[in-house]
Amino acid sequence: MTDFNRSVLPVAVRSNGATPNPWWANAVVYQIYPRSFQDTNGDGIGDLKGITSRLDYLADLGVDVLWLSPVYRSPQDDNGYDISDYQDIDPLFGTLEDMDELLAEAHRRGLKIVMDLVVNHTSDEHAWFQASRDKDDPHADWYWWRPARPGHEPGTPGAEPNRWGSYFGGSAWQYDPKRGEYYLHQFSRKQPDLNWENPEVRKAVYRMMNWWMDRGIDGFRMDVITLISKHLDSHGRLPGEVDSELSEGEIGEEGYTDASPFCSDGPRLDEFLAEMRREVFEGREGYMNVGEAPGITPERNEFITDPAHKELDMLFLFDHVGVDQEGSKWNTVPFEVRNLRARLADQQEAVRNAGWASLFFCNHDQPRVVSRWGDDSDRESRELSAKAFGMLLHMHRGTPYIYEGEELGMTNAHFTKLDQYRDLEAINAYRQRVEEARCQSPESMMAALALIGRDNSRTPMQWDASRYAGFTAADAATEPWIGVNPNHVEINAAEEFDDPDSVYGFYKKLIAMRHGNATVATGEWNLVAADSEQVYSFTRTGGDDTILVMVNLTGRTARVPAEVARLLGNGVSESQVLLSTYDAVHGVKSIARGELARWEGVVIQL
């Protein structure tokens, strides 16, 4: 379903508090990881022409927006999230002309294109950074440069400006001999943080964003945008710097302090986002902007996405994807339904009156939900649990995001050796935690990587059962940049495309419901049976219309909660079952018995 035949929400229906309702209030976004989507030139890396070649597939699925992970020119230290030229396409992916063709062909099909934007940091090979290495250059203050600690030889351990650790392991400071100072990098050492305190930095970013908008893109997904404002003391010093008025906190198990409390949701974030809105988006129509939001609470999400505050349309929150982690990301704990429900309920309640929610379980930084919280041990369990989590997500209030292959029920990679991984975060984390800090055993670290490592979502898209899953030609001279999941022989688009009972067929139904049913798109959300250990249930209400959603998120039979049973009264008929992870007949019989089968989800018209 494309833009021109998607239902327009009536003004009487309230979405995020905006009048009229924004076009994206009943849209569905599909994320493409370009290097893993479709390779057309046989080099083992996906490209823009590959995306263009698959637009009919995406139009058939029914999505409205395509979000592309970065395709800008980049050294590819962090798979393109280290940008060296914002206004060019990396040759790995094609050319600017290929990008123009993709835009034109997508728009012809009623599909919008949103580009990933990384402006918390650049590559260290960006011209801005290279210029900043000269203290006399106009760009000298475009990054966070600091001298070594007094009494220490620059470049030696302990000479760093403070003891912050990087998200990717090691110190968050890198010494540059040319400048004779350290620069801050919250991620890779090749990803120096931009200094948003400098107004010239912001002007340059806005000029670049306007250049892309004028070229015809439909908005941005902004990587870690909530990290752009840092906490400083009254003299402009960072926490932990010599004579700083702000403490940087305690040293953790990896030997560093945590920068996130001082770099997330900083004191000028609202100012910067409102300025960006004025300088780039005011006066434009039909766009969408969404920010990746580490460190943002549901309450702050309401403020930032409230249209009255003119900041961002949506944010990606992370509290719900941390429910199986404790302390470190790599310390995993068993999944519990009640924990996921509590986090999602907080997000839904926070935007009850204003603002908007982004709905996601999977993306390029998260593993496959069917392997993480579902059951991929056999075909039936995989398909049922994939449908269960799909139903749960898409029946919430907000804008759903589908990550490439999620609509097929693609699974984790199931890598068993470190040399199978390509992700900088995973490789660095293993070295930091196992070999250097020795705070985690090799066995538990490998188990954690297999469960939640980012490469689990980055294996090639599974188009068919051929040698390389149709991602690249079966006789290509170059193998894909990362291993193809062997289960592509059973799990692939060709197998599922014409099967209405497949995971793909199920996702088409979910998308169609959001497009055609205003209650699903924007209706009030209310939790039911908050204490159930297995069943997640809620209602969606719009005017006199009420829909009940209940999903058993476990692999064993569950009792229908008493609160839900009371809403159902004397049972339901097949005509009331709008969608089921099994079928309508199965759902009616289950409800009559007062139980849900394993991974059974039902959407019921009350």
Side-chain angles (χ1 to χ4, degrees), residues 70 72-78 80-90 117-150 152-156 159-162 164 166 168 170-212 222-225 227-233 235-244 259 262-263 266 268 271-272 275-276 279-280:
Y72 314 94
R73 189 174 287 272
S74 166
Q76 303 294 323
D77 183 61
D78 186 27
Y81 283 86
D82 50 316
I83 299 169
S84 57
D85 187 342
Y86 287 103
Q87 291 174 227
D88 198 7
I89 299 296
D90 194 282
L117 182 68
V118 191
V119 288
N120 173 72
H121 48 267
T122 69
S123 166
D124 65 346
E125 296 182 32
H126 196 290
W128 296 346
F129 182 78
Q130 289 299 313
S132 79
R133 299 173 69 199
D134 180 351
K135 293 181 182 180
D136 296 323
D137 190 277
H139 295 82
D141 192 35
W142 281 41
Y143 295 82
W144 293 92
W145 289 101
R146 292 292 189 271
R149 296 184 78 84
H152 292 77
E153 181 180 349
T156 61
E160 297 85 359
N162 67 16
W164 281 353
S166 160
F168 285 179
S171 173
W173 295 95
Q174 179 69 26
Y175 181 67
D176 179 57
K178 178 178 179 180
R179 174 147 171 161
E181 291 185 321
Y182 288 85
Y183 62 86
L184 174 67
H185 60 93
Q186 292 186 73
F187 297 91
S188 161
R189 64 178 179 80
K190 289 184 67 63
Q191 293 172 298
D193 279 40
L194 282 164
N195 178 12
W196 274 68
E197 298 290 319
N198 186 331
E200 296 305 313
V201 170
R202 305 199 300 275
K203 290 177 184 177
V205 167
Y206 304 152
R207 282 195 299 271
M208 173 269 296
M209 293 173 71
N210 275 302
W211 184 85
W212 276 110
M222 304 176 193
D223 189 68
V224 295
I225 196 66
L227 303 185
I228 58 177
S229 172
K230 277 65 169 174
H231 287 262
L232 305 171
D233 73 4
H235 299 283
R237 292 176 293 229
L238 294 165
E241 283 194 75
V242 173
D243 297 327
S244 176
F262 310 106
C263 297
R268 299 187 68 186
E271 174 193 346
F272 294 159
E275 180 182 68
M276 178 189 293
E279 296 299 321
V280 180

If we only count heavy atoms from C-beta on, is the [X] to [Y] side-chain gap below 4.5 Å?
{"X": "Thr122", "Y": "Leu194", "value": "yes"}
{"X": "Trp164", "Y": "Cys263", "value": "yes"}
{"X": "Met276", "Y": "Ile225", "value": "yes"}
{"X": "Lys230", "Y": "Phe262", "value": "no"}
{"X": "Pro75", "Y": "Ser84", "value": "yes"}

Nearest-0.5 Å distance, [atom1] of residue [X] to [atom2] of residue [Y]:
{"X": "Leu184", "Y": "Trp144", "atom1": "CG", "atom2": "CH2", "result": "8.0 Å"}
{"X": "Glu279", "Y": "Arg202", "atom1": "CD", "atom2": "CZ", "result": "9.5 Å"}
{"X": "Asn198", "Y": "Ser132", "atom1": "CG", "atom2": "OG", "result": "11.0 Å"}
{"X": "Asp88", "Y": "Arg73", "atom1": "CG", "atom2": "CZ", "result": "4.5 Å"}
{"X": "Asn120", "Y": "Gln191", "atom1": "CG", "atom2": "CD", "result": "9.0 Å"}
{"X": "Gln87", "Y": "Trp212", "atom1": "CD", "atom2": "CH2", "result": "8.0 Å"}

Could you pull out all residues at least two apart from Arg207 that satisfy salt bridge (Lys or Arg N to Asp or Glu O under 4.0 Å)? none
Which pairs with one or both residues in residues 120-130 pass salt bridge (Lys or Arg N to Asp or Glu O under 4.0 Å), sequence neighbours excluded? Asp124-Lys190, Glu125-Lys190
Keeping the roles fixed (side chain from [X], backbone from [Y]), state whether a donor-acceptor pair exists under 3.5 Å.
{"X": "Asp193", "Y": "Gln186", "answer": "yes"}
{"X": "Asn195", "Y": "Asp141", "answer": "yes"}
{"X": "Tyr72", "Y": "Asp82", "answer": "no"}
{"X": "Arg146", "Y": "Asn162", "answer": "no"}
{"X": "Trp196", "Y": "Val119", "answer": "yes"}

Qualifying residue, where the test is ring pair (Phe, Tyr, Trp, His ring centres under 6.0 Å) with Tyr183 and the options are Trp173, Trp145, Tyr143: Trp145
More than 12 heavy atoms from other groups under 6.0 Å of CZ on Arg189: no
Is the centre of the Tyr86 ring less than 6.0 Å from the centre of the His126 ring? yes
For His121, what residues pass the ring-ring contact (aromatic ring centres under 6.0 Å, His included) criterion, not counting sequence neighbours? Phe187
Looking at every heavy atom in both [X] and [Y], which two are closest together, and how far apart are they?
{"X": "Gly80", "Y": "Ser74", "value": "CA-OG, 3.5 Å"}
{"X": "His152", "Y": "Ala159", "value": "CB-CB, 3.5 Å"}
{"X": "Gly266", "Y": "His231", "value": "CA-NE2, 3.7 Å"}
{"X": "Ser123", "Y": "Phe129", "value": "O-CB, 4.0 Å"}

Steps toward side-chain contact (heavy atoms from CB on, under 4.5 Å) verdict (Asp137, Trp142): CA-CA 10 Å; Asp137 190 277; Trp142 281 41; over 6 Å; no
Looking at Glu197 and Arg268, does any basic side-chain N land under 4.0 Å from a carboxylate oxygen? yes
Could you check whether Asp78 and Ser188, counting side-chain N and O atoms only, form a donor-acceptor pair closer than 3.5 Å? no
Taking side chain to side chain contact (heavy atoms under 4.5 Å, CB included) as the criterion, tell me which of Pro161, Pro150, Pro147 meets it with Val242. Pro150
Met222 and Met209: CA distance, side-chain angles, deciding distance, side-chain contact (heavy atoms from CB on, under 4.5 Å) verdict: CA-CA 11 Å; Met222 304 176 193; Met209 293 173 71; 4.0 Å; yes
